[in-house]
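What follows is one structure encoded as structure tokens, with my remarks underneath.
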Protein chains: 2
Amino acid sequence: MQNTVIDQRVQLFIETCRRHHLKITPQRVAIYRVLIQSKQHPTADRVFRAVKKEFPNISFDTVNRTLLTFAGIGVVDVVETFGGPKRFDPDITDHHHLHCMACGRIIDFAYEGYARLEVPKTIASTFKVISRRVVLKGLCDACSPKQ
Amino acid sequence: MQNTVIDQRVQLFIETCRRHHLKITPQRVAIYRVLIQSKQHPTADRVFRAVKKEFPNISFDTVNRTLLTFAGIGVVDVVETFGGPKRFDPDITDHHHLHCMACGRIIDFAYEGYARLEVPKTIASTFKVISRRVVLKGLCDACSPKQ
DNA sequence: TCTTAAATAGGATTAATTCTTATTTGTCAA
DNA sequence: TTGACAAATAAGAATTAATCCTATTTAAGA
């Protein structure tokens, strides 16, 4: 990702924090920077270890709590998983996920064929839908048995 | 669920176990019976507490290990979650999920509009799809703010 | 019935997450 | 610019979820 793009996203992030009366701390900015540059839907521990390079005595709890705070104001998403530690997604635009059952990799994809996954009327009347996503389970290229 | 339906499903379950050379233990049958009668996508702990009524000294580990074994042979599914303990689904037919973000309830629904969630070609060529599901996040009836 | 590998119970261990408390630090108002 | 204060942090303790270890038991095939 380009530096200018990163700075733009950080700027938007800071504005979102202000709107929610969250203090702009260097830790929060560093955590957000790590997040938006990560491709792998990282766990809190992965983010922690990456941020630790810049802030050697940041605590795990700060990273974890911050990620949950970010999720609370909608700047990151907690990704659906099938057990194991929580994983975070800095891409909050509409997209879908492939889960490799072998290596655990989660791969983003967009597909206009799913663009309007309309919700059945019987559901829409009793359930307020906030987000919708197609989740595919399977085997990624690297994990598929080669013949 | 009717007793005859339960017995039929248990019979199929037993046959599946035999096909996979798994021993038919009373614990496994009891765990399976609890599962197919549960509507709430229970955690291992919930299953444990339910089975404990019948087997007062079954161990949590047995229940948990058994559930994972069942998932391995495909008689139950591990459901997608957003953190927290694993949850299990005895319904292995194609269906979709609503997740209430407030109470954590997971609601099954079927919808023929999603019946053929075709996979984009670019994905299908690099990823072997095993299952597909629409995951909706939102608020269930009980948790929606009333006006 | 006998043998044996698989499964279980129970407790210990590890992993993931959250809580507690003393200290520090952004932010807002003066 | 400074001071006050609520919010945020660091560090470690505590909790919850999951897994491992080992001695014992048991289902299933010979």
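Here the structure is a predicted model, which means the values were calculated and not measured.
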Verify the contact: side-chain N or O of B:Q27 to OP1 or OP2 of C:dA9, cut-off strictly under 4.0 Å; return yes or no. yes

Provide, to the nearest angstrom, the distance between the CZ atom belonging to B:R18 and the C1' atom belonging to C:dA6. 15 Å

Measure the distance from CZ on A:F60 to C1' on C:dT18 and round it to the nearest whole Å. 10 Å

Checking all strands, does B:P56 fall into the base, sugar-phosphate, or nothing category for heavy-atom contacts under 4.0 angstrom? nothing

Please indicate whether A:D94 has more than 12 foreign heavy atoms, meaning atoms of other residues, nucleotides or ligands, lying under 6.0 Å from its CG. no

In terms of side-chain heavy atoms of B:D61, which of D:dA18, C:dG10, D:dA10 is nearest? C:dG10

Between D:dA10, C:dG11, D:dA27, spot the one nearest the side chain of B:T25, thanks. D:dA27

Residue mapping more 5' on DNA chain D - nearest nucleotide basis, B:L68 or B:K23: B:L68

Within the structure, does a side-chain N or O atom of B:R28 lie under 4.0 Å from either OP1 or OP2 of C:dA7? yes

Whole-Å distance separating the CG atom of B:L67 from the P atom of D:dA17: 15 Å

Round to a whole Å and report the spacing from CD1 of A:I58 to C1' of C:dT25. 14 Å

Any side-chain N or O of A:R65 less than 4.0 Å from the OP1 or OP2 oxygen of C:dT18? no

Backbone of A:Q40 reached by a side-chain donor or acceptor of A:R87 within 3.5 Å: yes

On DNA chain C, nearest-nucleotide positions of A:H21 versus B:G83: which is more 5'? B:G83

For atom CZ of B:F82 and atom P of C:dT17, their distance in whole Å: 15 Å

When the ring planes of A:H96 and A:F109 are compared, do they come out parallel, tilted or perpendicular, using 30° and 60° as the limits? tilted

For atom CD1 of B:I14 and atom P of D:dA27, their distance in whole Å: 13 Å

Within the structure, does a side-chain N or O atom of B:T62 lie under 4.0 Å from either OP1 or OP2 of C:dT8? no

Toward the 5' end of DNA chain D, by each residue's nearest nucleotide, B:K86 or B:I24: B:K86

If I take atom NZ in residue A:K52 and atom P in nucleotide D:dT9, what distance separates them, rounded to the nearest angstrom? 15 Å

What pair of heavy atoms forms the shortest contact from B:V63 to B:I31, and how long is it? CA-CD1, 3.8 Å

Do B:R19 and B:T16 have side-chain atoms, one donor and one acceptor, less than 3.5 Å apart? yes

From the options C:dT8, C:dT17, D:dA8, select the nucleotide whose nearest atom is closest to the side chain of A:N64. C:dT17

Whole-Å distance separating the CZ atom of A:F55 from the P atom of D:dA11: 13 Å

